[in-house]
Amino acid sequence: MKKKVAILASGNGTNAENIIRYFSGSETACVNLLIANRKDAYALERAKRLGVPSVYMGKDEWKEGANVLGLLRREGVDFVVLAGFLARVPQAVIDAFPRRIVNIHPALLPKFGGKGMYGSHVHEAVLAAGEKESGITIHYINEHYDEGDIVAQFRCEVLPGDTPDELASRVHALEYKHFPEVIERLVTAL
Ligand code: GAR
């Protein structure tokens with residue numbers, strides 16, 4: 001049976017769109033739900049356009065977790081993907097999906113992770129530290145930000161004179177290339 005994947009997103013949603021497109025027509029999995037924690041997350045719009053049911057859930061719902069978990073259960077979700085999701089996942093959801101929730105982080109963890117390290121903040125920190133390389137980390141989530149077991153990492157160069165935007169676009173390219181393939185591998189093994 002095709003596995004059902006839910007995406008959690010907070011912002012633009014380019015990864016969400018890339019993942020939805022990758023699995024459309026796949027025999028292995030389909031994205032059947034996108035949940036955003038911000039009303040104005042453009043990810044909601046992208047999902048709608050691609051015919052994926054999308055739902056906004058507010059602060060209180062992420063705090064107590066029952067509605068998020070209820071929705072995931074009702075939709076028969078097998079696997080959860082955080083694609084630019086910046087809120088805490090409720091403990092009840094983490095407990096209900098052991099090793100079935102992955103996050104993507106736009107740097108090579110354990111460096112440049114933790115609370116407040118997201119999006120351009122990460123790239124600015126990498127450049128300020130004078131790193132010669134950066135990349136992406138795909139990892140299971142646990143109760144601590146960016147500390148779950150690492151599933152895969154992919155690297156790219158940091159070039160002299162890079163701006164945060166230039167580094168971000170190199171990192172995004174890695175995300176688009178590898179994230180769907182890693183999800184496919186994990187979902188196939190369920
Ligand atoms: C991605 O680069 C993702 O790695 C990062 O946010 C961006 C979302 O872009 N996630 C984090 O920083 C999590 N700590 P998108 O909304 O266009 O997919």
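For ligands, and for the atoms within them, numbers begin at 1 and follow the listed sequence. Numbering starts at 1 and runs along the sequence shown.
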Going by the closest heavy atom to [atom], which one wins out of [options]?
atom                    : options               : value
atom 10 (N) of ligand 1 : Ile136, Ile104, Asn18 : Ile104
atom 16 (O) of ligand 1 : Gly11, Gly84, Gly13   : Gly13
atom 12 (O) of ligand 1 : Ser120, Ala16, Gly119 : Gly119

For ligand 1, which atoms have a heavy atom of [X] less than 4.0 angstrom away?
X      : result
Tyr118 : 12 (O), 14 (N)
Met117 : 14 (N)
Asn12  : 16 (O), 17 (O)
His105 : 14 (N)

Can Glu166 and Arg170 be counted as an ion pair, charged N to O under 4.0 angstrom?
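No.
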Rounded to the nearest 0.5 angstrom, the CG-CG distance for Leu8 and Asn37 is 8.5 Å
From Leu44 atom CG to Arg49 atom CZ, the distance as rounded to the nearest 0.5 Å
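That separation rounds to 12.0 Å.
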Could you please spell out the steps behind the side chain to side chain contact (heavy atoms under 4.5 Å, CB included) verdict for Phe112 and Thr137?
CA-CA 11 Å; Phe112 308 108; Thr137 303; over 6 Å; no
Can you list the steps and then say if Val126 with Glu133 is a side chain to side chain contact (heavy atoms under 4.5 Å, CB included)?
CA-CA 9 Å; Val126 168; Glu133 62 172 12; over 6 Å; no
Looking only at protein heavy atoms, which one is nearest to [atom], and what is the separation?
atom                    : value
atom 3 (C) of ligand 1  : Glu175 OE2, 3.4 Å
atom 11 (C) of ligand 1 : Pro106 CD, 3.5 Å
atom 9 (O) of ligand 1  : His172 CE1, 3.6 Å
atom 17 (O) of ligand 1 : Thr14 OG1, 2.5 Å

Between Asp78 and Val187 (side chain of the first, backbone of the second, donor and acceptor by atom type, cut-off under 3.5 Å), is there such a pair?
no
Is there a donor-acceptor pair closer than 3.5 Å between any side-chain N or O of Asn103 and the backbone N or O of His139?
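A pair under 3.5 Å: no.
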Cluster link Phe179 to Leu34, ILVMFWY, side chain under 4.5 Å
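Linked, Phe179 and Leu34 end up in one cluster.
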Below the 3.5 angstrom mark, is there an N/O of Asn15, backbone or side chain, next to an N/O of ligand 1?
yes
Tell me, do Val31 and Tyr22 make a side-chain contact under 4.5 Å, heavy atoms counted?
no
Does Glu17 come within less than 4.0 Å of ligand 1, judged by its heavy atoms?
no
